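Okay, structure first, notes after.
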Amino acid sequence: MDWGDNIQIITNSELPVCHSGMKWATFPSQKVVYEDSRMISLTAPYISGFLAFREMPFLVDAVHRLQEKEPNLMPQVLLVDGNGVLHHQGFGIACHLGVLTGLPCIGVAKKLLQVEGLENNAAHKEKIQLLHAGGDTFPLMGGSGTVLGMALKSHDHSTKPLYISVGHKISLEAAVRLTHCCCRFRIPEPVRQADIRSREYIRRTLGLSGPPVPGQERNQKGPKSKAHPKGGSAEPAEENRHPEDPSKGPGTDPEAP
DNA sequence: GCGACAG
DNA sequence: ATCTTGTCGC
């Protein structure tokens with residue numbers, strides 16, 4: 001593989017209530033060199049096909065913050081949690097982010113967006129079962145015969161494929177190969193780490209602030225708390241934290257056989 | 001009630 | 001995205 005050792009990858013990971021997390025890392029070593037998590041106020045609701053409407057401003061903001069703070073770390077490619085041209089209008093969130101930042105973007109979706117006749121039906125599931133080893137793919141063809149993306153078995157023991165599509169300034173083939181090279185587990189590490197770290201950030205900033213009523217039940221069915229000031233970003237209580245997170249120990253590995 | 005469902 | 005219950009492997 002001739003990507004070199006200095007390709008950097010950025011990933012979004014938005015939780016539906018109030019958080020945006022991103023992670024920058026080198027390739028192929030995948031060492032985290034920069035992290036930016038903060039509270040946000042989501043306004044637009046989640047509507048399938050309009051993900052960019054909801055999340056784009058925060059992703060662009062994060063890229064701009066990086067440009068200000070560490071321009072030397074500006075990545076050469078972004079892995080975006082969502083679709084690129086595999087989209088109702090042929091322009092998913094990975095395309096938006098690519099155009100607005102000028103950076104190459106890869107759409108990495110965990111579920112098939114059913115568009116242009118693509119359907120997660122029996123025939124599709126059959127193709128999935130024919131995928132043999134990690135790295136195996138099959139094309140996702142729209143009604144017009146155009147290849148909108150590729151289903152990718154991200155590692156040998158993964159049941160569900162990833163749905164890779166071009167976002168911006170990268171070929172589908174390169175997008176698939178690069179994504180596959182990032183997969184220690186089903187979800188490519190940039191996406192996975194952004195996810196893990198964003199949840200950890202939430203836990204650490206809101207986790208202990210909420211008043212744990214003595215009789216607190218485990219499964220609170222009430223509405224999600226919006227316990228953060230609107231229009232502002234909540235700062236973590238501890239500012240000087242070592243970004244090093246030596247080893248997570250033998251944690252549970254999702255999607256592991 | 002039924003279909004659809006990127007996050 | 002979230003919530004379940006259970007299973008397997010390191």
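Quantities reported herein were computed from a predicted structural model and do not represent experimental measurements.
As rounded to whole Å, 12 Å separates atom P of C:dT2 from atom CG of A:Leu42. Look at NE2 on A:His155: it is 14 Å from P on C:dG9, rounded to the nearest Å. Remark: P of B:dC5 and CZ of A:Phe50 are 13 Å apart, rounded to the nearest angstrom. Between the C1' atom of C:dG9 and the CZ atom of A:Arg184 lies a distance of 15 Å, rounded to the nearest Å. Rounded to an integer number of Å, the gap from A:Leu97 CG to B:dA6 P is 19 Å. Rounded to an integer number of Å, the gap from A:Gln114 CD to B:dA4 C1' is 7 Å. Distance CG (A:Leu113) to C1' (B:dG3): 15 Å, rounded to an integer number of Å. Across the protein-nucleic acid pair, A:Lys160 atom NZ and B:dC5 atom C1' stand 12 Å apart, rounded to whole Å.
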Could you write out DNA chain B as a dot-bracket string, with dots for unpaired bases, | for bases paired across to another strand, and Watson-Crick or G-U pairs counted at under 3.5 Å?
.......
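In this structure, the nucleotide among B:dA6, B:dC5, C:dT2 sitting nearest to the side chain of A:His88 is B:dC5. Side chain of A:Glu55, nearest nucleotide from B:dG7, B:dC5, C:dT2: B:dG7.
Not a single ring pair (Phe, Tyr, Trp, His ring centres under 6.0 Å) links A:His180 to another residue, sequence neighbours left out. For A:His96, the ring pair (Phe, Tyr, Trp, His ring centres under 6.0 Å) test picks out A:Phe91, with sequence neighbours left out. In terms of the ring pair (Phe, Tyr, Trp, His ring centres under 6.0 Å) criterion, A:Phe53 has no residue partners (sequence neighbours excluded).
For the strand DNA chain C, secondary-structure stems (runs of at least three Watson-Crick or G-U pairs, all distances below 3.5 Å) are absent.
A salt bridge is defined here as a Lys NZ or Arg NE, NH1 or NH2 lying under 4.0 Å from an Asp or Glu carboxylate O, and A:Arg65 with A:Asp61 fails to meet this definition.
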Applying ring pair (Phe, Tyr, Trp, His ring centres under 6.0 Å) to A:His124 and A:Tyr163, what does each step give before you reach the verdict?
CA-CA 12 Å; A:His124 181 78; A:Tyr163 297 96; 5.7 Å; yes
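For the contact set between residues 104-112 of chain A and DNA chain B, defined by any heavy atom under 4.0 Å, the members are A:Ala109, A:Lys110, A:Lys111. Residues of residues 118-137 of chain A having a heavy atom closer than 4.0 Å to DNA chain B: none are found.
The separation of C:dT2 from B:dC5, taken at their C1' atoms, amounts to 13 Å, rounded to a whole angstrom. B:dC2 sits 22 Å from C:dC3 when the C1' atoms are compared, rounded to a whole Å.
For A:Phe138, the CZ atom counts as densely surrounded, since its 6.0 Å shell holds more than 12 non-hydrogen atoms of other residues, nucleotides or ligands.
With hydrogens and angles ignored, the 3.5 Å screen pairs a side-chain donor or acceptor of A:Ser198 with a backbone N or O of A:Ala194. Under the 3.5 Å distance criterion, the side-chain polar atoms of A:Ser165 are left unmatched by any main-chain donor or acceptor of A:Gly149.
When the side-chain nitrogen and oxygen atoms of A:Tyr46 are compared with OP1 and OP2 of B:dA6, one or more of them lie within a distance under 4.0 Å.
Legend: salt bridge (charged side-chain N to carboxylate O under 4.0 Å, His left out) pairs involving residues 141-155 of chain A, not counting sequence neighbours: none detected. For residues 100-122 of chain A, the pairs satisfying salt bridge (charged side-chain N to carboxylate O under 4.0 Å, His left out) are A:Asp81-A:Lys110, with sequence neighbours left out. The salt bridge (charged side-chain N to carboxylate O under 4.0 Å, His left out) analysis of residues 131-150 of chain A, with sequence neighbours excluded, yields no pairs.
When each of A:Arg203, A:Arg197, A:Arg204 is tested with A:Glu200 by the rule salt bridge (Lys or Arg N to Asp or Glu O under 4.0 Å), just one qualifies, namely A:Arg204.
No contact: A:Tyr163 has no heavy atom under 4.0 Å from any strand.
Residues near A:Leu113 contribute nothing to a hydrophobic cluster around it, because no ILVMFWY side-chain heavy atom sits closer than 4.5 Å to its side chain.
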Without placing hydrogens or testing angles, list every side-chain donor-acceptor pair under 3.5 Å for residues 98-107 of chain A, not counting sequence neighbours.
residue, atom, partner, partner atom, Å
A:Thr101, OG1, A:Leu97, O, 2.6
A:Thr101, OG1, A:Leu103, N, 3.2

